[in-house]
Amino acid sequence: MTYDFLIEMGWKSAAIAGGALLLAALLRSRAAADRGAVLKVAVALLLALPAIALFAPALEIETPAAAPAASVAPAVPGTASAEPAFAAAATPSPSDNWDDPSLLFFLLYAGGVAMVGGRLLAGLWTLRRWTRGAREVEAPEWRAALARAGGDALGIRLLVSDEASSPLSWGLRRPTILIDRDTLRASGEAEAILAHEAAHVARRDWPSLVLSRLAVALFWFNPLVWRLDREVAQQAEEAADSDAAAAVEPARYAQTLLDWARLSGSPALPANAIAAGEPGLSKRVKAILDGRGSRRSGSFWAVAAMLGCAAFAAPVAALDFVADAPEAPRAPPAPLAPPAALPLVPPPPAVAPLATVAPPVPTRPMRPAPPAVPHAALAAAAQASAHARSAARAASDHVDEAAIEAQVAAAVAEASRSAEAAVAHAERAAEHAVQAALAGVARGAVGMEAGARGMEAGAERMRAEARRLRDRAYREEQIRKAAARGKRLTHEELLEAAQGMEEGAEGMREGAQEMREAAAEMRRGKHD
């Protein structure tokens, strides 16, 4: 898994989770089952996101990209004695491998998956251990309440556990309701408790809860996916409340929720509990007492929202930003031919031998750690220098001093030209390597910023609608329109919808800010 792929999964999962939360907020006046269905579609798409991105046909969008420098065969100047030094510089050291952040990001991602996934596995193991140590409930009051809740038809096992702290349900093929000893003695609450837990089993809420936790494990770095998981659990509880309140007197059922809130089970357990904790409990009780929990599900708008969620998320999952094709690189210059052997003049009177003249070392700075360099130019420079020294030695006994100096100077100049050409080739190759390495970072930053812009636009639309709902005249207009369609809306419901929109907009804004900061960090790393 590469760094670019992790960045892509980050902004795509944020877009899908944010879009689903927005749709659920727009359905606040509908039944909880409808909102939960939209969120479950988003969870399924999140789990399928890696497979869609890897194997499905990509929806490509071209983005501008700088054309890379011409690919040339670089060469390094020098003599035969300088070849080992340049070869050592061209060979990457082990520490250079840490310049690539892919391994570090992969280890960080794998650690997060292991931590979140390990907590899920530990919770499943705890539930299995509790169930194995539990025994069947044989009290007539509880067996009769289970039959009235439809537990016999659903094949539900009712067990009492010494380790459970409150009533909860889990399981797919063999669904199980676990109650603790204190709950077993409160037989007067059996009707409300079993109606709620049987509703969870009938609605298949436990598999949805586990899949949502798996999505959190895969995208643990995304705060919007955590928010989506909490909303899936909250809407499942509200939908089960709606079903239970239809079988039990609402005021009595609301009192049962309040009584069991202090005994709620650990949120780390992947199970459905009648009182899943303080967050959201007051909202559930208020919905039951106001009669809003009895709204019918399966409306046209709920189906449209589910289809809209899938229609939005599928293209996002297949989206792929590709760079425009750069111009064809220029052809590399032809390699320099080694200089021809210098001719010797007729033997003159003997002269004193001259000192060997070595070619000057190029002073142009070299880039650190260049790519692998062929030895063609190095051999050419070394051969030219050897020719110069050979000519000097041969001429020292047969030619006059002026002729020797002219021939040696010509050989040295030829070797210097070969060395300078090799340095220029190496610089161009290094520039090409740097641009190629940064191309992936640029694509990732573009994708992150595009996702952030989309989330900010959605958040702004939510804020605008929330501001309109704060206006009493606008609310009265919406109430009149709803009444014309035969539906009932209240100012309190619309204000609650406005509050939910503002919270959702704030969550999307925070997610967009995090994506922008990540993109800026990538761009800073690119320029550095």
Determine whether a donor-acceptor pair (N or O, by modelled atom type, separation under 3.5 Å) exists between the side chain of [X] and the backbone of [Y].
X      : Y      : answer
Arg30  : Arg35  : no
Trp206 : Ser169 : no
Trp220 : Val225 : no
Thr126 : Ala122 : yes

So [Y] and [X], do their side chains get closer than 4.5 Å, heavy atoms only?
X      : Y      : value
Leu224 : Phe219 : no
Val43  : Ser208 : no
Ile179 : Glu197 : no
Leu257 : Asp241 : yes
Leu172 : Val210 : no
Pro167 : Asp180 : yes
Glu502 : Arg467 : no
Leu21  : Leu39  : yes

Show every donor-acceptor pair shorter than 3.5 Å between a side-chain atom in residues 130-141 and any protein atom, with sequence neighbours excluded, or say none if there are none.
residue	atom	partner	partner atom	Å
Thr131	OG1	Leu127	O	2.8
Thr131	OG1	Trp170	NE1	3.1
Glu136	OE2	Arg143	NH1	3.4

Closest heavy-atom pair and its distance - [X], [Y]:
X      : Y      : result
Thr490 : Ile479 : C-CD1, 4.0 Å
Ala217 : Val113 : O-CG2, 3.3 Å
Val285 : Ala254 : CG1-CB, 4.0 Å
Leu154 : Pro175 : O-CG, 3.9 Å
Ile193 : Trp142 : CD1-CH2, 4.2 Å

Legend entry - Heavy atoms from other residues, nucleotides or ligands near CZ of Arg204 exceed 12 (cutoff 6.0 Å): no
Legend entry - Greater than 12 external heavy atoms within 6.0 Å of Arg128's CZ: no
Inset, instruction - Taking only Lys NZ, Arg NE, NH1 and NH2, and the carboxylate oxygens of Asp or Glu, determine whether Glu460 and Arg463 approach each other closer than 4.0 Å. - result: yes
Inset, instruction - Could I get the full list of side-chain hydrogen bond (donor to acceptor under 3.5 Å, both in side chains) partners for Thr176, not counting sequence neighbours? - result: Arg157
Legend entry - Residue list, salt bridge (charged side-chain N to carboxylate O under 4.0 Å, His left out) with Arg252, at least two apart or on another chain: none
